[in-house]
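Values below: every heavy atom of this structure, side chains too, minus hydrogens, waters and symmetry copies. Here the structure is a predicted model, which is why all the values come from computation and not from measurement.
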Amino acid sequence: MVIGQILGGLRVSLDIAGIGWRAVFAINVPSGVAALLAVRRVPATKADAKPSFDPRGTALFGLTMVCVLALVVAGPELGWPPWLWSLLLVAAAGAVALARVERGLEARGGSPLLSPSVLSHQGMRRGLAAMVPFSAGFGAFLFVYALVAQGHFGFDGLESGGGLAPFAVAFFAVTLFTPRIAAALGARIVTLGAFVQGAGLLLLALVIRLGWPHPSLTLVLVGIGLYGVGAALTGPTLFRMILADVPPAQAGMGSGVLVTSQQMATALGATVGGTVYLSLADWQSTVSAAVGVLALLACCSVTVLVISLKLPDPR
């Protein structure tokens, strides 16, 4: 995801064919071609039973998420009219209907989009409870960082993406040692990761508040690096915990639930984080908006930290 920010910034800076920021969409073409070529080398597998498509579950899940995202995105633009809040009722009804449809489909031997039996595993439930705020905070961080870096620090797209290099380097380096750390700390590796992430966010908030409008670039990069260290300790461990007690026969379903939850949480985090930032910037000031969002992300880290105290041992 960080490399995507850097490559996207490069494409914007090159201004291919004079189309500006729209050039970022072209990155999907070579990525898609590479994926098609790579998948040919993946060994073929075959399930004992062919899974079926779940049209009702897919429709209800899509309806629920669209209503939530539409409320957050359209609210500031429309002034939060009363009718818009009715989308929450639609989303709640969609979630209840989704749960009933999925339970019924699985009871009949079908293949639900979100399997209730997979979600019944303790490691899956608790791990997802931590993964959602972790991914939401990450999505919000990437989006709001780009707004601040390009909108107020004067960075172009490439410079903005390059500013995330400490995150990428720290994440890669720490993941090389994550198995050893997990072997020594057990589930407390997630606690440590959430603490380090929170420390990085608080450092960024302090540096931006005291140094605005020209905060120390070195300290900003240190804060971003700390955030990457915390993410490396937390993210891979949560993936391992979530899938650890899923039976092999449900591995595909379990990984699907995990990735879907992660991606939706990331999208929701970017939407909510961006909306909060822009709303606070209009109401107060840019620096207050940036610090406010960082404080909100620190709350996400605290949530992960609290949940981590109940997570199973990943060893």
Tell me whether [X] shares a hydrophobic cluster with [Y], the cluster being built from Ile, Leu, Val, Met, Phe, Trp, Tyr side chains joined at under 4.5 Å.
X	Y	result
Phe143	Val72	yes
Leu10	Val24	no
Ile189	Phe177	yes
Val207	Val222	yes
Val12	Val148	no

Sub-3.5 Å donor-acceptor pair from the side chain of [X] to the main-chain atoms of [Y], do we have one?
X	Y	value
Ser86	Trp83	yes
Thr266	Gln262	yes
Ser279	Val276	no
Thr303	Cys299	yes
Ser160	Gly157	no
Asn28	Phe25	yes
Arg126	Lys310	yes
Arg125	Ser120	yes

Euclidean distance, [Y] [atom2] relative to [X] [atom1], rounded to 0.5 Å:
X	Y	atom1	atom2	answer
Met253	Leu114	CE	CG	8.0 Å
Leu71	Leu88	CG	CG	5.0 Å
Met65	Thr271	CE	OG1	8.5 Å
Tyr277	Leu296	OH	CG	14.5 Å
Thr234	Met241	OG1	CE	9.5 Å
Gln5	Leu164	CD	CG	5.5 Å

Just wondering, do [Y] and [X] contact through their side chains at under 4.5 Å, heavy atoms?
X	Y	result
Phe53	Leu113	no
Pro236	Phe171	yes
Leu142	Tyr145	no

Open item on the list: How about CG on Leu14, more than 12 heavy atoms from neighbouring residues, nucleotides or ligands closer than 6.0 Å, or not?
Closed with: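 Result for CG/Leu14: enclosed.
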Open item on the list: Counting neighbours of CZ on Phe61 that are heavy atoms of other residues, nucleotides or ligands and sit closer than 6.0 Å, is the number greater than 12?
Closed with: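 Yes, CZ of Phe61 has more than 12 neighbouring heavy atoms, counting only those of other groups under 6.0 Å.
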Closest approach of [X] and [Y], non-hydrogen atoms and distance?
X	Y	answer
Leu201	Ser301	CD1-OG, 3.7 Å
Ile6	Gly161	CG1-O, 3.1 Å
Val257	Leu128	CG1-CD1, 3.9 Å
Leu158	Ser13	N-OG, 3.1 Å
Leu238	Met131	CB-CE, 3.7 Å
Thr237	Leu233	OG1-O, 2.9 Å

TODO: Please collect all ring-ring contact (aromatic ring centres under 6.0 Å, His included) contacts where either partner lies in residues 202-232, sequence neighbours excluded, each pair once.
DONE: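 Found Phe141-Tyr227, Phe153-Trp212, Phe167-Tyr227.
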[X]-[Y] side chain donor-acceptor pair, cut-off 3.5 Å:
X	Y	answer
Gln250	Ser117	yes
Thr178	Thr175	no
Glu106	Ser115	yes

Open item on the list: Assess the residue pair Phe134 and Gln197 against the criterion (side-chain contact (heavy atoms from CB on, under 4.5 Å)); give the C-alpha distance rounded to whole Å, side-chain angles, the decisive distance to 0.1 Å, and a yes or no.
Closed with: CA-CA 10 Å; Phe134 170 77; Gln197 269 197 313; 3.7 Å; yes
- [ ] Before giving the answer on side-chain contact (heavy atoms from CB on, under 4.5 Å), spell out for Leu268 and Met264 the whole-Å C-alpha distance, their side-chain angles and the decisive distance to 0.1 Å.
- [x] CA-CA 6 Å; Leu268 185 61; Met264 293 306 302; over 6 Å; no
- [ ] Begin from the C-alpha positions of Asp156 and Gln150 and carry the test side-chain contact (heavy atoms from CB on, under 4.5 Å) through to its verdict.
- [x] CA-CA 6 Å; Asp156 60 24; Gln150 297 181 55; over 6 Å; no
Open item on the list: Checking Leu87 against Val68 for the side-chain contact (heavy atoms from CB on, under 4.5 Å) test, could you report, in this order, the C-alpha distance in whole Å, the side-chain angles of both residues, the deciding distance, and whether it holds?
Closed with: CA-CA 7 Å; Leu87 291 179; Val68 173; over 6 Å; no
